[in-house]
Amino acid sequence: MSKLTERAWVVDDNVDTELIYHNQYLAETDPKQMPQYAFEYYPGQENFAKEARPGDFVVAGRNFGCGSSREHAVYCLEYAGIPCVLAETCSRIYYRNAINNGYPVLFVKGLSDAIHNGRIKNGDQLQVDLDTGSIRDLTSGQEFHGDAVSDLEHEIMEAGGLFGYMKKRTTKK
């Protein structure tokens, strides 16, 4: 799972859960159906659900996933096949929901400025190494360095989320 290569879907700073997954769809309880609504109300990304391919990356600036605690905002990306979110920062509740569900978020310093200065754009081909946190924009040649996924996060992801991880740990004893 170390190196992944695919294209970027770039969003700005302060993307709240309402823009990731609108509240009008909260009655949907099947995570496999949630991707069809992802970013539907985010200006410029309205076609995300139709055009995103498994393996694509969501690239965000600061404070990604702020707002409510809805897990739908994690599920809609995870079940769309987006292997991880790359963000300068994200809200604590989004991060916790992501990790609890075994979904990685990589924190990448300077990503917000790179977005605003056009050094990373929609459609750029990215190579992401989850083990080292290195990100290479194969389109522009830019390199970014994020925080690698921790050993504990790897274990939680491998177990399919926090419940699987805890079950695995309690059955070992």
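Bear in mind that the values here come from a model prediction, so they are computed numbers and not experimental data. Position 1 is the first residue of the sequence, and the numbers go up from there.
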Worksheet item: To the nearest 0.5 Å, what is the distance between CD1 (Ile20) and SG (Cys76)?
Response: 7.0 Å
Item to complete: Rounded to the nearest 0.5 Å, what's the gap from CG on Asn122 to CD on Glu51? Could you check?
Response: 10.0 Å
Discussion item. Less than 4.5 Å apart, side chain to side chain, heavy atoms only: is that true for Tyr103 and Glu153?
Written reply: no
Item to complete: Report the residues that fulfil side chain to side chain contact (heavy atoms under 4.5 Å, CB included) with Asp147, sequence neighbours left out, ordered by chain and then residue number.
Response: Phe107
Worksheet item: Do you reckon Leu4 sits in the same ILVMFWY cluster as Leu106, going by side-chain contacts under 4.5 Å, direct or chained?
Response: yes
Fill in: Nearest atoms (heavy-atom pairs only) where Asp12 meets His116
OD1-NE2, 2.6 Å
Discussion item. Do Arg62 and Thr89 pair up side chain to side chain, a donor and an acceptor below 3.5 Å, judged on atom types alone?
Written reply: no
Worksheet item: For Asn23 and Glu18, does a side-chain donor sit closer than 3.5 Å to a side-chain acceptor?
Response: yes
Item to complete: Verify the cluster assignment for Tyr95 and Val74: are they in a single hydrophobic cluster under the rule of side-chain heavy atoms below 4.5 Å apart?
Response: yes
Worksheet item: Is there a path from Ile135 to Val58 through hydrophobic residues (I, L, V, M, F, W, Y) whose side chains come within less than 4.5 Å of each other?
Response: no
Worksheet item: Is it true that atom CZ of Phe163 has more than 12 heavy atoms of other residues, nucleotides or ligands lying nearer than 6.0 Å?
Response: no
Discussion item. Test of understanding: clusters of I, L, V, M, F, W, Y form through side-chain heavy atoms closer than 4.5 Å, transitively. Do Ile115 and Val105 belong to the same one?
Written reply: no
Worksheet entry | Any Gln24 side-chain heavy atom under 4.5 Å of Glu40 side chain | yes
Fill in: N/O donor-acceptor pair under 3.5 Å between Asp124 side chain and Lys121 backbone
yes
Item to complete: Identify the heavy atoms of Pro104 and Gly102 that sit nearest to each other, and give their distance.
Response: CD-O, 3.8 Å
Practice prompt. Report the distance from atom OH of Tyr79 to atom CE of Met34, rounding to the nearest 0.5 Å.
Written response: 9.0 Å
Worksheet item: Quick one: does Asn97's side chain get under 4.5 Å of Tyr75's, heavy atoms only?
Response: no
Discussion item. Test your reading of the model: is there a side-chain donor-acceptor pair from Gln33 to the backbone of Asp30, 3.5 Å cut-off?
Written reply: no
Worksheet item: Can we say Glu88 and Lys109 salt-bridge, meaning some charged N sits less than 4.0 Å from an Asp/Glu carboxylate O?
Response: no
Worksheet item: Any donor-acceptor pair under 3.5 Å linking the side chain of Gln45 with the backbone of Val10?
Response: yes
Worksheet entry | Distance, nearest 0.5 Å, that separates CZ of Arg92 from SG of Cys66 | 15.0 Å
Worksheet item: Which class fits the ring pair Tyr21 and His72: parallel under 30°, tilted 30 to 60°, perpendicular over 60°?
Response: tilted
Worksheet entry | Side chain proximity check, Leu162 to Met166, heavy atoms < 4.5 angstrom | yes
Worksheet item: Given side chains that start at C-beta, do those of Phe39 and Leu77 come closer than 4.5 Å, heavy atoms only?
Response: yes
Worksheet item: Would a distance-only check, ignoring hydrogens and angles, find a side-chain to backbone donor-acceptor pair under 3.5 Å from Lys50 to Asn47?
Response: no
Discussion item. Between Asp131 and His154, is there a side-chain heavy-atom distance shorter than 4.5 Å?
Written reply: yes
Worksheet item: Do Glu71 and Tyr94 meet the criterion of a side-chain donor-acceptor pair at a distance under 3.5 Å?
Response: no
Worksheet item: Do Asp13 and Ser112 have side-chain atoms, one donor and one acceptor, less than 3.5 Å apart?
Response: yes
Discussion item. When you compare the side chain of Arg70 with that of Leu26, does any pair of heavy atoms fall below 4.5 Å?
Written reply: yes
Worksheet item: What's the verdict on side chain to side chain contact (heavy atoms under 4.5 Å, CB included) for Phe64 and Asn14, showing C-alpha distance, side-chain angles and the deciding distance?
Response: CA-CA 6 Å; Phe64 182 78; Asn14 302 311; over 6 Å; no
Item to complete: Look at the side-chain heavy atoms of Ile, Leu, Val, Met, Phe, Trp and Tyr, link any pair under 4.5 Å apart, and say whether Val15 and Val59 land in one connected group.
Response: no
Worksheet item: Can you find a pair of side-chain heavy atoms, one from Phe57 and one from Pro83, that are under 4.5 Å apart?
Response: yes
Item to complete: Show your reasoning for whether side chain to side chain contact (heavy atoms under 4.5 Å, CB included) applies to Ser140 and Ile120.
Response: CA-CA 7 Å; Ser140 71; Ile120 189 165; over 6 Å; no
Discussion item. Quick one, Val108 with His145, criterion side chain to side chain contact (heavy atoms under 4.5 Å, CB included). Give me CA distance, side-chain angles, the key distance, then yes/no.
Written reply: CA-CA 6 Å; Val108 184; His145 300 283; over 6 Å; no
Worksheet item: Is Ser91 reaching over with its side chain to a backbone N or O of Asn63, donor-acceptor style, under 3.5 angstrom?
Response: no
Item to complete: Look at Lys168 together with Glu155 and state whether they make a salt bridge at an N to O cut-off of under 4.0 Å.
Response: no
Worksheet item: Would you call the rings of Phe48 and Trp9 parallel, tilted or perpendicular, where under 30° means parallel and over 60° means perpendicular?
Response: perpendicular
Worksheet item: Has the side chain of Asn117 got a donor or acceptor atom that lies under 3.5 Å from a matching backbone atom of Asp113?
Response: yes
Worksheet entry | Distance, nearest 0.5 Å, that separates CE of Met157 from CD1 of Ile99 | 6.5 Å
Fill in: Minimal non-hydrogen separation, Ala49 against Gln36, with atom names
CB-O, 3.3 Å
Worksheet, complete the sentence: Output for pair (Thr17 OG1, Ile93 CD1), nearest 0.5 Å, gives 10.0 Å
